[in-house]
Amino acid sequence: MTPFSAIAFFPELVLLAGALGIFVVMLGESQGKAARAGAIFVALVALGASIVALPQSTVLFDGAYRIDAFSQWLKIVISAGYLFVLLLSGNLPDIRKETKAEYYLFLTLSVLGLTMLVSSVEVLSLIIALELSSFPLYLMVAMRREREGQRVQMESAIKYVMFGVAANGIMFFGFSYLFGLTGSTHLPEMFVKLAPIATTPLAIVALTMAFAGFYYKLAIFPFHFWTPDVYQGASNETAGFIATLPKVGAVAVLVRLVSLATPENHAIATLLSGLAILSMCYGNLIALVQKDFKRLLGFSGIAHAGYAVVGFTAMNTAGYTAALYYIVGYMLMVTACFVVICKVSKDGTNVEIDELAGLHRRSPLLALTLVVAVFGLAGIPPFVGFIGKFGLLSAALAKGQLALVIITVINSAIAIYYYLQVVRKAVFGEKGADAPAPEPLHLDWSAKILCVLLLVGIVWLGVAPAPIMDAIAASLAGINLPL
Amino acid sequence: MNVGLNEYLILSALLFAVGFLGVLVRKNTLVIYMCLELMLVASTIALVAFSRFNGTLDGNVFVFFILTVAAAEVAVGLAIIVALFRKRGTVQVEELNALKN
C-alpha cells in the first residue's frame, strides 16, 4: 500500500478544485466573463501542476490509478490543449449568455475526465474517467444557440449521445467477457492472465468489443457516424474541443490496452489494419465533396484516426510512439484550423470553404496559420503531419504491412486534393471584382498568442522530432513495468 | 433443472442481441434508448454470472458502476430528447435529417 502522494495527483486536484470554483462562479447570473477568466487561470495552474508532477511515478487508489512518465507527459499535453481551447473560444458567440459560465464548467469537467483517463489502469477507473469526459461533451453540443437557419444542435447532440451509449454498451459487454476470462478487473493482471488464451476466438471478440468505446472517441470506422454531424451541429469552439483532446485520450488508452495484449497477436493486428483502411478510405473519399469547412474537418478526422491506427498495427514501441506523436501533432494542426474557423465566422455561424476567400488580405496571420495547418494535415514537409506519417509508415513497414502502407500513401495523395482546395480558396480565391473590399479581421491578443504558439509547435515538431520521439519511446518502455 | 454459467451467458447474449438489433432497426429515439439500456443490462448479467462462478466479488462491484453510469447516461440522454422534442416536435429518427451537405 503506497502512501497517498498529493503531488502526484496535483493536476487532477487543480482541475477538480477549478471545476468547483467555476461552479460557484456559475451560481451568479450571466457570469460568462468571470468564468472564462477563472477557466484560463485553472488551465495555467493545471499546466504548471502537470509540469511539476512530471517526474512522479507511483500507484494510487489500490492500484487503480497509475502515475508514470507516460501518463504525466500526456497530462501536460491535455492541459496545454485545454488552454488552447479556452484561448480559441473567445467570448463564445454561439452560446446563450445565461449558460456561458456553465459551458466552462462542463469543459473543465471533461478535461478532468481525460486527465484521469490517461492514468487509469483498472477497468472501473477507466470507465468513470471515460464517462466523465463524455457526458459534459454531450451537453456542450446541445448548448449551441438556436437561430434562423440553424436548428440542428439538438439533432447532432442526440446522435452523439446515441452513438456514445451504443459504443459504451459494446465496450462494457467486451469488458464483462474479459473479466469472465481472467477473473480480474485490473488491466495488467487481466492481460497477464489473458496472454495464454489471447488467440482464442472468445478472447479476440472480447478484446475487439472492449476497444469499441475508444474507437468511438477516436472516430474509427464503424463508430464514426457521429463525427461530421457533430462537427457541423456543435458550436465552433465545442467542435474544436471534440476534434482534439478526446482523440489524444483515446489513443493513450488504446496504447495501454493494445500494449498489454500480447505483442504477436495477428488477429488483432489484422483487425486494426482493416479498420484503419476502412476509416481512411471512407473519410478521404467523402471529404472530397464537402463545402462546410467543419464538416470537411470531420471527415478528414476519420481519415486521420485511420492513419493513427496504422501505428497500432505494428504492435511495438515504434508504432505506439508514432501513433502518439501523430495524434499530438494532429491536435495542434486541427486546433489551428479551428482558430481560423472561430475568427472568420461571423457571430459564431458555420464557415463555408468559400467564405475563406481573400483571407490573406483580411488577416495575414490567420491565413499563415491556416496554410501551415492544412499543409501539415496534408502531410507536406517540413510540418509535423509529414514526419508523423513517416513514423507511422516506417513502423508498419518494418512489420511487413506492405499493403497497408501502400493504401495509406494513396489515401494521403487523395487527401492532398481537398486540402489544397482549402488553401487555394484562402490565398488565391477572390470574390467578384465588383464585390466590396474585404474587411480586415481584428484578432485579440489571445488569438494572436495562440496562432503563434500553434505555428511554432507545428513547425518545431516537424523539423526536430527526435528528442520528443525519444522521450515518448522512453515513457512507453516503462508502461507495463511494476512501480 | 440446474442453472449454470452457460444459461446466464446465453441470456445475456440474447439480451445484448435484442438491444443491438433494436438500436439498428427501431425508429423512435425513446425506444432506441431503451434498447441501449438493454445492452448495458446484458453486460451486467454476464458480469454477475462470471463473478458468481469465478468466486470473486469484483464483477458485482463493476455492476454497481455500470448501473450508476447508465443512470447518468439516461439523465443526459432524456434531457436532450426532451429538448429535441420541444424544438422539433418529433423524436422519430427519420425526421432527424437536417444535417446534410
Side-chain angles (χ1 to χ4, degrees), chain A residues 122-125 127-128 130-132 134-139 141-143 146 150-166 168-186 209 228-233 286 289-292 295-296 299, chain B residues 5 9 12-13 16 19-20 23-24 29 32-33 35-51 53-56 58-59 61-66 68-70 72-88 91 93 95-101:
Chain A
E122 158 88 26
V123 179
L124 294 181
S125 54
I127 283 171
I128 297 298
L130 187 69
E131 302 300 335
L132 183 57
S134 304
F135 290 165
L137 285 179
Y138 301 150
L139 297 166
V141 172
M143 277 167 86
E146 180 105 341
Q150 176 183 302
R151 299 166 58 79
V152 289
Q153 72 285 61
M154 287 304 164
E155 185 180 327
S156 56
I158 197 72
K159 284 181 181 167
Y160 197 32
V161 177
M162 290 287 177
F163 283 113
V165 179
N168 284 344
I170 296 172
M171 179 181 76
F172 288 154
F173 199 70
F175 274 129
S176 75
Y177 271 76
L178 285 180
F179 168 74
L181 288 169
T182 61
S184 169
T185 54
H186 188 228
M209 290 176 97
D229 291 353
V230 169
Y231 279 37
Q232 190 186 354
I286 300 195
V289 295
Q290 299 304 319
K291 300 247 176 349
D292 183 320
R295 220 172 150 80
L296 179 127
F299 283 110
Chain B
L5 180 59
L9 290 187
S12 118
F16 187 82
F20 191 72
V23 171
L24 293 182
T29 25
I32 295 180
Y33 225 83
C35 294
L36 290 170
E37 292 303 313
L38 270 186
M39 285 165 67
L40 297 181
V41 166
S43 56
T44 61
I45 290 181
L47 277 170
V48 173
F50 280 130
S51 203
F53 288 90
N54 270 341
T56 64
D58 293 4
V61 177
F62 200 165
V63 168
F64 282 115
F65 279 81
I66 291 186
T68 321
V69 162
E73 251 161 10
V74 168
V76 172
L78 285 184
I80 293 175
I81 291 177
V82 168
L84 178 76
F85 186 75
R86 283 202 194 142
K87 298 260 157 83
R88 291 279 190 86
V91 290
V93 181
E95 287 169 50
L96 300 179
N97 52 10
L99 282 161
K100 269 184 197 148
N101 201 21

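Letters A, B, ... are given to chains in the order of the sequence lines, protein chains preceding strands, and every chain is numbered from 1.
The side-chain heavy atoms of B:Glu73 and A:Glu131, taken from C-beta on, include a pair separated by under 4.5 Å.
Interface summary for chain B: among A:Tyr160, A:Phe135, A:Phe175, the most heavy-atom pairs under 4.5 angstrom belong to A:Phe135. Ranked by non-hydrogen atom pairs under 4.5 Å with chain B, the options A:Gly169, A:Gly180, A:Ala142 are led by A:Gly180.
Rounding to the nearest 0.5 Å places CG of B:Leu40 at 11.0 Å from OG of A:Ser176. Atom OH of B:Tyr33 and atom CD1 of A:Ile158 lie 6.5 Å apart (nearest 0.5 Å). Here CZ of A:Phe179 is found 12.5 Å from OG of B:Ser43. Values are rounded to the nearest 0.5 Å. Annotation: the span from A:Asn168 atom CG to B:Leu36 atom CG amounts to 9.5 Å, rounded to 0.5 Å. B:Asp58 CG to A:Glu122 CD: the interatomic distance, rounded to the nearest 0.5 Å, is 7.0 Å. Distance NZ/A:Lys159 to CG/B:Leu84: 10.5 Å, rounded to 0.5 Å.
B:Ser12 touches chain A through backbone and side chain together, each having a heavy atom under 4.5 Å away. Contact of B:Ala72 with chain A is made through backbone and side chain together, with heavy-atom distances under 4.5 Å. Within the 4.5 angstrom heavy-atom criterion, only side-chain atoms of B:Phe20, from C-beta onward, approach chain A. Heavy atoms of B:Thr68 lying under 4.5 Å from chain A are absent altogether. Both the backbone and the side chain of B:Leu9 come within less than 4.5 Å of a heavy atom of chain A. Heavy-atom distances place the side chain of A:Ile128, and not its backbone, under 4.5 Å from chain B. Proximity to chain A (any heavy atom under 4.5 Å) is shown, for B:Thr29, by both the backbone and the side chain. Residue A:Met143: no heavy atom, backbone or side chain, is found under 4.5 Å from chain B. Using a 4.5 Å cut-off between heavy atoms, A:Val123 contacts chain B through its side chain alone, with no backbone atom that close.
Between A:Phe172 and B:Phe62, the two ring planes are perpendicular [angle over 60°; tilted spans 30° to 60°].
Minimum interatomic distance between A:Gly183 and B:Asn54 (heavy atoms only, all atoms of both residues): CA-ND2, 3.4 Å.
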